[in-house]
Amino acid sequence: MTEEKPHILIIDGMALLFRSFFATSAMGHFFPNAAGVPTNGVQGFARHTMTAASVFKPTHMAVCWDMGAHTFRNDLYDGYKANRPAPPEELVPQFDMARDASALIGWKNYGEKGMEADDLIGSMIAHWDGKAEITVVSGDRDLLQLLRPGVNIALIKKGYSEYDIYTEDRFVEEYGITPLQYIDKKAFTGDTADGYPGVKGIGPKTALTLIKQYGSVDGVVAAIDELTPARRKRIEDGMDMLMLSRKLAEIHCDLEVEASLEEMPIPNYDDNVKQTLEQLGYSLVMRHANSLYVTN
């Protein structure tokens, strides 16, 4: 009998923290604790993660985090994410609070200085490729480049239990390219949210057309004489940024990941954990756990 593969749930902690914070702060809801410190982002992150565990029913789970704002991508391009405002003061203390709450609940945290959570997620997927089924929960479409057999990307939608779930087959059918070619598409179009421009004058439709015809950035460059004069000039004028944008868009999947199944168990949300959550001012999380899980 073939042994069933483990199913690892990977949570993009920073994506869920930011999404939760802005969803509630927009209405003026910060849920301060007894010390007056806002907890809205932390509680939303924890509730999203608990819900995902109940929906996808993994055998193991992990939470990945950015470890500071500066990464190797900032060293490559000083404009990387430079257009983003500083986080609101109500969010700043919640970065450490979220990681602490995650550990308290029993979820294993992962992060590496100088790298983004995306790179850690990609490296975990590469580490477990073929050995585990993986579901990644995030709000970041950049992660679609990581799709492959056995990997699903569940993009959070409204509420706590609605997901837009991508498989590799769905991605290919929808985009007409492979997940890895998504990197080449972004090299041409850039990413306004991350602050790099790609090639000026090359939009998503043109980028897809070029990738479908020539396969990759390198393929387009090798066949540049075949392009219309206007496209050729745009690409030649933007060649340096094209190559840089591809480096910025690619998620690194070669980090050394110290991750064993033994350190990624599904925690038991017992009364002790719930009481501690309530004492810390996370009563919304405690009630959410009660609604999802029966105490053993």
Side-chain angles (χ1 to χ4, degrees), residues 12-15 17-19 22 64-88 91-92 95 110-126 136 138-147 153 155 175 177-211 214-222 224 227 231-257:
D12 184 350
M14 200 64 73
L17 177 66
F18 269 86
R19 185 183 183 96
F22 287 107
C64 293
W65 300 96
D66 295 349
M67 300 300 289
H70 190 92
T71 72
F72 77 95
R73 292 181 177 87
N74 299 101
D75 295 329
L76 288 173
Y77 180 52
D78 59 12
Y80 184 72
K81 294 188 177 179
N83 58 342
R84 295 190 181 184
L91 175 58
V92 173
F95 295 135
Y110 293 90
E112 184 162 329
K113 190 174 181 180
M115 308 301 289
E116 296 184 38
D118 291 4
D119 302 305
L120 209 49
I121 293 169
S123 297
M124 292 187 78
I125 288 172
V136 180
S138 179
D140 187 356
R141 298 182 75 85
D142 289 350
L143 294 173
L144 296 178
Q145 65 183 265
L146 301 175
L147 287 165
I153 307 293
L155 300 173
Y175 284 87
I177 56 175
T178 69
L180 285 177
Q181 288 174 316
Y182 190 60
I183 306 168
D184 296 272
K185 173 186 174 291
K186 287 197 66 177
F188 281 106
T189 62
D191 188 320
T192 54
D194 286 342
Y196 59 93
V199 178
K200 187 176 181 180
I202 301 290
K205 288 184 179 179
T206 300
L208 276 175
T209 297
L210 291 171
I211 298 304
Y214 298 106
S216 65
V217 166
D218 290 340
V220 173
V221 172
I224 199 164
L227 305 182
R231 284 182 182 173
R232 183 168 68 246
K233 185 175 189 328
R234 291 188 185 110
I235 292 171
E236 287 174 342
D237 289 348
M239 187 67 71
D240 289 345
M241 184 52 70
L242 172 64
M243 296 304 176
L244 178 57
S245 293
R246 197 193 183 287
K247 290 181 181 178
L248 295 171
E250 184 173 13
I251 293 173
H252 282 224
C253 298
D254 54 1
L255 302 180
E256 289 293 328
V257 177

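The structure displayed is predicted, hence computed values, not measured ones.
Look at Arg73 and Asp119 and you find a salt bridge, because one of the NZ, NE, NH1 or NH2 atoms lies within 4.0 Å of a carboxylate O, short of that distance. Between Lys200 and Asp237, none of the side-chain N atoms (NZ, or NE/NH1/NH2) sits under 4.0 Å from a carboxylate O, so this pair counts as no salt bridge.
Note that the OH atom of Tyr110 and the CD1 atom of Ile121 stand 13.0 Å from one another [nearest 0.5 Å]. Distance check, rounded to the nearest 0.5 Å: CG of Asp118 to CD1 of Ile251 gives 4.5 Å. Annotation: the span from Leu255 atom CG to Leu120 atom CG amounts to 6.5 Å, rounded to 0.5 Å. Taking CG of Asp184 as the reference point, atom OG1 of Thr189 lies at 10.5 Å (rounded to 0.5 Å). Between Ile202 atom CD1 and Arg234 atom CZ the span is 6.0 Å, to the nearest 0.5 Å. Here the CD1 atom belonging to Ile125 is positioned 4.5 Å from the CG atom belonging to Leu146, to the nearest 0.5 angstrom.
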Start with the C-alpha gap between Val221 and Tyr214, add the side-chain angles, then the distance that decides, and say whether side chain to side chain contact (heavy atoms under 4.5 Å, CB included) holds. CA-CA 9 Å; Val221 172; Tyr214 298 106; over 6 Å; no
Working note: Val136 + Met124, criterion side chain to side chain contact (heavy atoms under 4.5 Å, CB included); need CA distance, chi angles, decisive distance, verdict. CA-CA 11 Å; Val136 180; Met124 292 187 78; over 6 Å; no
Under the criterion side chain to side chain contact (heavy atoms under 4.5 Å, CB included), I'd like the reasoning laid out for Lys247 against Tyr77: C-alpha separation, chi angles, the key distance, then a yes or no. CA-CA 10 Å; Lys247 290 181 181 178; Tyr77 180 52; over 6 Å; no
Show, in sequence, the C-alpha distance, side-chain angles and deciding distance for Lys81 and Thr71, and conclude whether the side chain to side chain contact (heavy atoms under 4.5 Å, CB included) test is met. CA-CA 10 Å; Lys81 294 188 177 179; Thr71 72; over 6 Å; no
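Shown here for Ser123 and Val257, the closest heavy-atom pair between the two residues is CB-CG2, 3.5 Å. Taking every heavy atom of both residues into account, Tyr80 and Leu248 meet most closely at CD1-CD2, 4.2 Å. The two residues Leu76 and Leu244 have their closest heavy-atom pair at O-CD1, 3.9 Å. The nearest pair of heavy atoms linking Tyr175 to Arg141 is OH-NH2, 3.1 Å. For the residue pair Asp12 and Asp140, the shortest heavy atom distance occurs at OD2-CB, 4.3 Å. Residue Met241 comes nearest to Gly198 through the heavy atom pair CG-O, 3.2 Å, listed as atom of the first residue, atom of the second, then distance.
In this structure the side chain of Leu227 reaches within 4.5 angstrom of the side chain of Leu210, judged on heavy atoms. Side-chain contact between Arg84 and Asp194 is present, with heavy atoms from C-beta onward closer than 4.5 Å. For the pair Phe188 and Val220, the minimum side-chain heavy-atom distance is below 4.5 Å.
Results of the salt bridge (charged side-chain N to carboxylate O under 4.0 Å, His left out) test with Asp191 over Arg246, Lys186, Lys185 single out Lys186 as the only residue that passes.
Heavy-atom contacts from other residues, nucleotides or ligands closer than 6.0 Å to CG of Asp75 number more than 12.
A donor-acceptor contact shorter than 3.5 Å is absent between the side chain of Glu112 and the backbone of Met67. Using modelled atom types, one side-chain atom of Asp66 and one backbone atom of Ala117 make a donor-acceptor pair closer than 3.5 Å.
Ring geometry, His252 versus Phe72: the interplanar angle falls from 30° to 60°, so the pair is classed tilted.
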